[in-house]
Amino acid sequence: MLEPQGEAGQMQLDLVYLSIYIMVFVCVIVLAIFTYVLIRFRQKPGDNTIPKQVEGSTKLEILWTVVPIILLAILAVPTLKSTFTLAAKPPKAEQPVEVKVTAHQYWWEFEYPELGIKTAQELHIPTGKKVHLELTSVDVVHSFWVPSLAGKTDLIPGRKNTMWMKADKPGTYEGRCAELCGASHALMNFHVVAEKPEEFQKWVKQRQKPSSQPQTAQEKEGKKVFAQNCMGCHAIDGAGLKGPGNKGPNLAGFGDRDKIAGLLENNPENLNKWLHNPQNVKPGAHMPAIDFLKKKDLDALEAYLESLK
Ligand code: HEC
Ligand SMILES: [Cu+2]
């Protein structure tokens, strides 16, 4: 947060500095007067006279009412300006990327309505472009925070909040939920992957293509196991696997993601760990333990999921 990597983060840091400067200014003056009074008016040995008792001073009252009002106005004007600027939709001419962010206990859903892409846990964005986010939640209040890019904006059920952010340089930026939302709130991590516009376009093309079809016999078997056991909650766009709901993340392109559930390095061993007992990784996660499958079926399922590119 102290090393912003884009315009929105820089604006927010400027506000933090402004309020720190004002606080330091007030502290220095108050503490200086305080120290002076302590020394100048302390009781001297042998002097037991009671000092002159003063009650009320219109001048002082006005002074310490007006000065804070001025200081708060200095803070309020740029704060309100930035708040509205950061929530506003960037003009069409800037070709912003639109993303709908939906928070779930304890995962993030990212939808690019204009590009027809739905994904989870990993938010891909192009560098140098404003990304306009529309944020909401399906269960409780969460808060979207990418410390080095922008935040924190609440995601509230039944409400749409908006903000934009911009990354100047390619890189992977950590994201967090910044509003206590349940047992695994502290594990509700995600990543922002900022790529050069050409690279981002490649990613978009890859995601828009139908998911690669299972190649080996094992992967084909895995697809069947998935259809039988997982489609109640998960869909895989482009693979013709769509069930009744989206209680869990869309797993299209799962094999390309860096992390499982935003936490574990994406490899077969960790996938096994996750499926076997999601609660061990994320207490309270709304995915049941998959401990009823035969080893052969589980292996096939894992091979299929990792093949999704
Ligand atoms: C009752 C609903 C439900 C069922 C059934 C279910 N899941 Fe999940 N799954 C979830 C939820 C919810 C999450 C998100 C957990 C979190 O991160 O908090 C999840 C997360 C995952 C993830 C991590 C996804 C990511 O984006 O990193 C994988 C992989 C996964 N599930 C695979 C499976 C497989 C394979 C099956 C079937 C054997 C299955 N799930 C069955 C609800 C379900
Ligand atoms: Cu949360």
Side-chain angles (χ1 to χ4, degrees), residues 101-111 118-124 135-145 151-157 175-191 207 219 221-237 239 241 243-308:
V101 182
T102 309
H104 304 247
Q105 282 172 320
Y106 302 94
W107 60 281
W108 300 87
E109 183 176 347
F110 302 115
E111 186 185 353
K118 230 185 211 170
T119 181
Q121 321 290 20
E122 228 175 74
L123 173 60
H124 282 250
L135 307 126
T136 190
S137 163
V138 292
D139 36 45
V140 300
V141 178
H142 302 266
S143 180
F144 181 94
W145 191 28
K152 312 161 170 176
T153 305
D154 280 1
L155 303 98
I156 302 167
R176 289 282 184 280
C177 175
E179 182 77 57
L180 183 61
C181 61
S184 276
H185 156 68
L187 303 172
M188 195 170 153
N189 299 357
F190 64 101
H191 291 93
R207 288 277 57 80
E219 286 167 18
E221 190 53 39
K223 187 171 175 179
K224 269 192 225 149
V225 178
F226 185 90
Q228 281 159 6
N229 296 286
C230 317
M231 256 167 52
C233 300
H234 292 283
I236 302 180
D237 275 2
L241 295 169
N246 66 335
K247 281 195 224 122
N250 196 306
L251 297 177
F254 176 76
D256 271 338
R257 290 195 204 147
D258 290 339
K259 298 266 163 90
I260 300 172
L263 284 177
L264 306 170
E265 220 47 62
N266 189 357
N267 58 42
E269 199 184 311
N270 280 336
L271 180 56
N272 195 282
K273 198 165 141 192
W274 170 260
L275 293 180
H276 203 76
N277 195 350
Q279 311 288 322
N280 253 353
V281 182
K282 276 189 184 173
H286 296 292
M287 165 154 163
I290 309 297
D291 49 9
F292 46 83
L293 291 178
K294 284 196 242 105
K295 171 136 188 359
K296 187 174 128 287
D297 289 346
L298 196 62
D299 287 347
L301 183 61
E302 285 165 17
Y304 174 60
L305 289 179
E306 294 294 357
S307 80
L308 294 168

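As the structure lists them, so they are numbered: ligands from 1, and atoms in each ligand from 1.
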> What atoms of ligand 1 come closer than 4.0 angstrom to any heavy atom of Leu275?
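Once the distances to Leu275 are compared, the set is 32 (C), 33 (C), 34 (C), 35 (C).
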
> Among the N/O/S atoms of His142, which is closest to the Cu ion (ligand 2)? Give the atom name.
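Nearest N/O/S atom of His142: ND1.
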
> What's the shortest distance from atom 27 (O) of ligand 1 to any protein heavy atom, and which residue and atom give it?
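The closest heavy atom on the protein side is Ala261 N, 2.6 Å.
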
> Determine whether the side chain, the backbone, both or neither of Arg257 has a heavy atom under 4.0 Å from any heavy atom of ligand 1.
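Within the 4.0 Å criterion, Arg257 contacts ligand 1 through side-chain atoms alone.
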
> Calculate, to the nearest 0.5 Å, the distance between atoms NZ and CG belonging to Lys282 and Leu187 respectively.
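Interatomic distance, Lys282 NZ to Leu187 CG, rounded to 0.5 Å: 7.0 Å.
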
> Is there a side-chain contact between Phe110 and Lys118 (heavy atoms, below 4.5 Å)?
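Contact flag for Phe110/Lys118 side chains = no.
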
> Specify side chain, backbone, both or neither for Pro249, according to which of its non-hydrogen atoms lie closer than 4.0 Å to ligand 1.
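It is the side chain that touches ligand 1; the backbone stays farther off.
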
> At less than 4.0 angstrom from any non-hydrogen atom of Tyr106, what atoms of ligand 1 do you find?
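Answer, ordered by atom number: 16 (C), 17 (O), 18 (O).
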
> Relative to ligand 1, is Pro278 under 4.0 angstrom through side chain, backbone, both or neither, heavy atoms considered?
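Under 4.0 Å from ligand 1, Pro278 contributes no heavy atoms.
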
> Side-chain contact, heavy-atom cut-off 4.5 Å: Asn250 with His234?
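Sidechains of His234 and Asn250: no contact.
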
> With side chains defined as the heavy atoms from C-beta onward, is the minimum distance between Asp154 and His142 less than 4.5 Å?
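No; the side chains remain at least 4.5 Å from each other.
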
> Could you check which of His234, His286, Lys247 puts a non-hydrogen atom nearest to atom 30 (C) of ligand 1?
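When every heavy atom of His234, His286, Lys247 is considered, His234 comes closest to atom 30 (C) of ligand 1.
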
> Between His286 and Tyr106, how do the two ring planes meet: parallel, tilted or perpendicular, split at 30° and 60°?
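Judged by the thresholds at 30° and 60°, the geometry between His286 and Tyr106 is parallel.
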
> Quick one: look up the protein heavy atom nearest atom 10 (C) of ligand 1 and list residue, atom name and how far away it is.
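So the nearest neighbour among protein heavy atoms is Met287 CB, 3.3 Å.
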
> I want to check something: taking the side chain as every heavy atom from C-beta on, are Asp237 and Arg207 in contact at a cut-off of under 4.5 Å?
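When only atoms from C-beta onward are counted, Arg207 and Asp237 do not touch, as no gap falls below 4.5 Å.
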
> With side chains defined as the heavy atoms from C-beta onward, is the minimum distance between Lys259 and Leu264 less than 4.5 Å?
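They are not in side-chain contact.
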
> Test your reading of the structure: does Asn229 have an N or O sitting under 3.5 Å from an N or O of ligand 1?
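No.
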
> Going by heavy atoms, is Gly232 under 4.0 Å from ligand 1?
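Contact check Gly232 vs ligand 1: negative.
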
> Which ligand 1 atoms are under 4.0 Å away from a heavy-atom of Cys233?
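Listed by number with element: 1 (C), 2 (C), 3 (C), 4 (C), 5 (C), 42 (C), 43 (C).
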
> If I take atom SG from residue Cys177 and atom NZ from residue Lys152, how far apart are they, to the nearest 0.5 angstrom?
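If I round to the nearest 0.5 Å, the distance is 10.5 Å.
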
> Checking contacts here: is it the side chain or the backbone of Leu305 that comes within 4.0 Å of ligand 1, counting heavy atoms only? Could be both or neither.
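For Leu305, the contact with ligand 1 is made by the side chain alone.
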
> Of all the atoms in ligand 1, which lie at a distance below 4.0 Å from a heavy atom belonging to Ile260?
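By the 4.0 Å cutoff, the relevant atoms are 27 (O).
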
> Should one rank Trp108, Trp107, Trp274 by closest heavy-atom distance to atom 20 (C) of ligand 1, which comes out on top?
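Ranked by closest heavy atom to atom 20 (C) of ligand 1, first place is Trp274.
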
> Can you give me the SG-the Cu ion (ligand 2)-SG angle for Cys177 and Cys181, to 10°?
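Approximately 120° at the metal, rounded to tens of degrees.
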
> Identify, for atom 37 (C) of ligand 1, the protein heavy atom at the shortest distance, and state residue, atom and that distance.
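Result: Cys230 SG, 1.8 Å.
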
> With a cut-off of 2.8 Å, does any N, O or S atom of Met188 fall short of it relative to the Cu ion (ligand 2)?
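Looking at Met188, which is the residue asked about, there is an N, O or S atom under 2.8 Å from the Cu ion (ligand 2).
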
> Could you label the plane-to-plane angle of the Trp108 and Phe144 rings as parallel, tilted or perpendicular, counting under 30° as parallel and over 60° as perpendicular?
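Perpendicular.
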
> Decide yes or no for Thr136 and Ile156: does some side-chain heavy atom of the first lie under 4.5 Å from some side-chain heavy atom of the second?
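Side-chain contact under 4.5 Å: no.
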
> Which option wins on minimum heavy-atom distance to atom 24 (C) of ligand 1: Leu251, Leu187, Asn250, Leu271?
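It is Leu251 whose heavy atom sits nearest to atom 24 (C) of ligand 1.
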
> Should you measure from each heavy atom of Lys282, which atoms of ligand 1 turn up under 4.0 Å away?
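Close to Lys282: 16 (C), 17 (O), 18 (O).
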
> List every atom of ligand 1 that sits less than 4.0 Å from any heavy atom of Phe254, numbering the atoms from 1 in the order shown and giving each element.
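So the atoms of ligand 1 that pass are 27 (O), 29 (C).
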
> Would you sort out whether Thr102 and Trp107 count as a side chain to side chain contact (heavy atoms under 4.5 Å, CB included), showing the intermediate values?
CA-CA 9 Å; Thr102 309; Trp107 60 281; over 6 Å; no

> Distance check below 2.8 Å: does His185 bring an N, O or S atom to the Cu ion (ligand 2)?
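Looking at His185, which is the residue asked about, there is no N, O or S atom under 2.8 Å from the Cu ion (ligand 2).
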
> Flag the pair Cys181 / Met188 as yes when at least one side-chain heavy-atom distance between them is below 4.5 Å, and no otherwise.
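Result yes, sub-4.5 Å side-chain heavy-atom pair found.
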
> For His191 and Gln121, does a side-chain donor sit closer than 3.5 Å to a side-chain acceptor?
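Not at all, the side chains of His191 and Gln121 share no donor-acceptor pair under 3.5 Å.
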
> What atoms of ligand 1 come closer than 4.0 angstrom to any heavy atom of Leu301?
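Taking each heavy atom of Leu301 in turn, ligand 1 has 35 (C), 38 (C) under 4.0 Å.
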
> Are any of the side-chain heavy atoms of Cys230 and Leu241 separated by less than 4.5 Å?
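Heavy-atom side-chain distance check fails, nothing below 4.5 Å.
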
